[in-house]
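Encoded as structure tokens, the structure appears first; notes follow it.
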Amino acid sequence: MESLPMIATTVGLVLSGSASVLGGMKRMLDRVEKRTSARFDRVDQRFDRLEARTDERFAEVDRRFAEVDRRFSDVDRRLQDVRGSLTDLKIAVAR
């Protein structure tokens, strides 16, 4: 019976020490989680900006390809005109 208060005190000290350690760990983990979340948010923002820039560049490339296609069509049309003129010239020379 004499050791019962001492055992209760020891158990109380162990429990209160454990609670302090666990509480400190919880606060530390909360801080780490907040910092990690903030970093991931910044990385997400960077990826969003990168994606927007990439989309703009792809749109510019598409526009340039359309311009190149238009120019090739013009060149093809001009070549057809030149071929027609050459054919007319050959016919005229043959007469």
Side-chain angles (χ1 to χ4, degrees):
M1 284 306 254
E2 294 174 12
S3 61
L4 190 58
M6 189 177 285
I7 292 173
T9 303
T10 304
V11 169
L13 286 174
V14 168
L15 288 177
S16 101
S18 297
S20 295
V21 168
L22 291 175
M25 287 179 64
K26 182 185 180 305
R27 280 192 304 269
M28 181 186 67
L29 289 174
D30 286 343
R31 287 178 51 207
V32 168
E33 181 182 7
K34 286 179 186 176
R35 283 185 287 175
T36 304
S37 293
R39 287 179 184 157
F40 274 115
D41 290 341
R42 286 194 304 266
V43 169
D44 285 342
Q45 290 172 357
R46 287 179 190 160
F47 275 122
D48 290 341
R49 286 193 307 263
L50 179 65
E51 184 179 14
R53 278 186 272 157
T54 303
D55 290 343
E56 290 171 4
R57 290 188 181 178
F58 273 119
E60 177 67 20
V61 167
D62 288 344
R63 188 188 64 76
R64 288 183 181 181
F65 273 131
E67 179 66 21
V68 168
D69 286 343
R70 187 189 62 75
R71 287 181 181 176
F72 274 124
S73 296
D74 289 346
V75 168
D76 287 342
R77 184 182 44 79
R78 288 179 188 163
L79 285 175
Q80 291 297 327
D81 291 344
V82 169
R83 284 186 189 136
S85 298
L86 285 176
T87 303
D88 291 342
L89 182 63
K90 287 179 184 177
I91 291 173
V93 169
R95 290 185 187 168

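- A salt bridge between Glu67 and Arg64 is absent, with no side-chain N of the basic residue lying under 4.0 Å from a carboxylate O of the acidic one.
- Residue Arg27 qualifies as open at atom CZ: its count of foreign heavy atoms under 6.0 Å is 12 or below.
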Please output the side-chain donor-acceptor pairs of residues 4-12 that fall under 3.5 Å, not counting sequence neighbours, one pair per line with the distance.
unit_1	atom_1	unit_2	atom_2	d
Thr9	OG1	Pro5	O	2.7
Thr10	OG1	Met6	O	2.8

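- Annotation: side-chain hydrogen bond (donor to acceptor under 3.5 Å, both in side chains) contacts involving residues 13-24, sequence neighbours excluded, are absent.
- If you chain together ILVMFWY residues whose side-chain heavy atoms come under 4.5 Å of each other, Val61 ends up grouped with Phe65.
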Assess whether salt bridge (charged side-chain N to carboxylate O under 4.0 Å, His left out) is satisfied between Lys34 and Asp30, documenting all intermediate values. CA-CA 6 Å; Lys34 286 179 186 176; Asp30 286 343; over 6 Å; no
Please list, one pair per line, the donor and acceptor atoms closer than 3.5 Å that link side chains of residues 77-87 to other protein atoms, with sequence neighbours excluded.
unit_1	atom_1	unit_2	atom_2	d
Ser85	OG	Asp81	O	3.0
Thr87	OG1	Arg83	O	2.8

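- Other residues sharing a hydrophobic cluster with Leu29 under the 4.5 Å side-chain heavy-atom criterion for ILVMFWY residues do not exist; the residue is a singleton.
- Under the 4.5 Å side-chain criterion, counting only non-hydrogen atoms from C-beta, Asp74 is in contact with Arg70.
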Let me have the donor-acceptor pairs involving side chains of residues 35-55, under 3.5 Å, with sequence neighbours excluded, atom names and distances please.
unit_1	atom_1	unit_2	atom_2	d
Thr36	OG1	Val32	O	2.7
Ser37	OG	Glu33	O	3.0
Thr54	OG1	Leu50	O	2.7

